[in-house]
Amino acid sequence: MSRDNRVRVVEVGPRDGLQNEPYTIPTAVKLDLIQRLSETGLGTIEATSFVSDRAIPQLADAEAVFEGLHRKHGVHYPALVPNERGYDRARAVGIDEIAVFTAASEAFNQRNINCSIEDSLRRFAPVLRRAREDGVRVRGYVSTVMGCPYQGEVPIADVVRVSEALFEAGCAEISLGDTIGVGTPQKARQVLKAVAESIPVDALAVHFHDTYGQALANILVCLEQGVRVVDSAVAGLGGCPYARGATGNVATEDVVYMLQGMGMETGIDLVAVAQVGDWIAGELGRPRSRTGQAILKRN
Ligand code: HMG
Ligand code: MG
């Protein structure tokens, strides 16, 4: 294992979590969630997406979220951007960190962003060029790295090819998404190893949904190979409306508990995150994470 024991946990609950709720959450609740998460020691909180409101009506208030947000010093608040229109919207509210997103599966990409993988990369080119000129940091997501709801198996070579394309185009970080949470540890190890042959491991993040309860095990094997950026969502919120049957992201509470047990540093107050998880689960009528429940019973 790498000697560096510091892990950056990227909280995606306000974006990945709330994009998948069956009804639209009031902007005030979203702001409350982001504000509460900002007080837990998390350094990165993905706040929303500047996408089509027909595609994701749940996040149609992206401008209002950023206009209402009191950014805590030292905390990053990136947002998803699918095209130049999204980039313009994000820049208009002062965002300096974005994420573009595509997939290793053609079938998923068509449903999610209505274009082929090649076309998505072409669409991102001007966004990445402008981001470079503007000093905006860009993360690149690659979805369906361990399986696709439409295509089934996704060849690892496709994951590598798309990851490389995003990295070479200027993404500072590549987040590997198991969008429907079907991966198991051996597969996670193979995917990570293959991608890490051409992209430095410190530029890789893992973004695992927990549909089959495999996310922590998959994260562990990636940590063992040197990954130090892990995406998660408070209370295990999340899913993608274009990935039917996928449940939430791995819960931030569960990830932080595991990392603490491994002697990894996150800077995150686990009890504080569990309290936020308890609150938002109550607001949305969703279950608490396993660790969240245990921590709150203990405290
Ligand atoms: P399209 O229909 O191909 O694009 O959608 P278009 O350019 O023809 O535009 C269609 C309409 O959308 C037009 O409006 C545009 O103005 C509008 P109309 O004239 O018909 O009224 N539009 C926009 N509006 C606001 N902001 C924009 C924007 N762009 C176009 N930026 C598009 C293509 C990509 C826009 C659409 O498919 C879309 O927004 N998709 C978003 C899908 C999404 O957000 N999915 C969830 C996030 S990905 C995910 O969850 C996976 C991840 O978590 C990792 C993992 O788990 O694997 C990241
Ligand atoms: Mg996701």
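Just so you know, ligand 1 is whichever comes first in the structure, and atom 1 is the first atom listed for that ligand.
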Short list, please: which atoms of ligand 1 are under 4.0 Å from a heavy atom of [X]?
X: Gly86; answer: 31 (N)
X: Arg54; answer: 14 (O), 18 (P), 20 (O), 21 (O)
X: Asn114; answer: 1 (P), 2 (O), 3 (O)
X: Pro82; answer: 31 (N), 34 (C)
X: Phe50; answer: 26 (N), 27 (C), 31 (N)
X: Asp16; answer: 53 (O)
X: Ala55; answer: 38 (C), 39 (O), 40 (N), 41 (C)
X: Asn112; answer: 37 (O), 40 (N), 41 (C), 42 (C), 43 (C), 45 (N), 46 (C), 48 (S)

Should one rank [options] by closest heavy-atom distance to [atom], which comes out on top?
atom: atom 52 (C) of ligand 1; options: Arg89, Arg15, Arg111, Gln19; value: Arg15
atom: atom 56 (O) of ligand 1; options: His209, Arg123, Gln110; value: His209
atom: atom 55 (C) of ligand 1; options: Ser120, Cys115, Ala99, Ser143; value: Ser143
atom: atom 15 (C) of ligand 1; options: His207, Arg85, Met146; value: Arg85

Could you tell me whether the side chain of [X] and the main chain of [Y] form a donor-acceptor pair under 3.5 Å?
X: Asp269; Y: Ala272; value: yes
X: Arg228; Y: Asp4; value: yes
X: Glu21; Y: Tyr23; value: no
X: Asp178; Y: Val182; value: yes
X: Arg71; Y: Val75; value: no

Would you check if the Mg ion (ligand 2) lies under 2.8 Å from any N, O or S atom of Asp231?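 Not a single backbone or side-chain N, O or S atom of Asp231 is under 2.8 Å from the Mg ion (ligand 2).
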At a non-hydrogen distance cut-off of under 4.0 Å, which region of Thr179 contacts ligand 1 (side chain, backbone, both, or neither)?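 Both parts.
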Among Arg139, Arg8, His209, which residue satisfies the side chain to side chain donor-acceptor pair (under 3.5 Å) criterion with Asp231?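 Running side chain to side chain donor-acceptor pair (under 3.5 Å) over Arg139, Arg8, His209 with Asp231 returns exactly one hit, Arg139.
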Please confirm whether Thr144 comes within less than 3.5 Å of ligand 1 when only nitrogen or oxygen atoms on both sides are compared.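 Between Thr144 and ligand 1 (N or O atoms, distance only) the closest approach is not under 3.5 Å.
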Does the side chain of Asp158 come under 3.5 Å of the side chain of Ser105 through a donor N or O and an acceptor N or O?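 Result is no, nothing qualifies.
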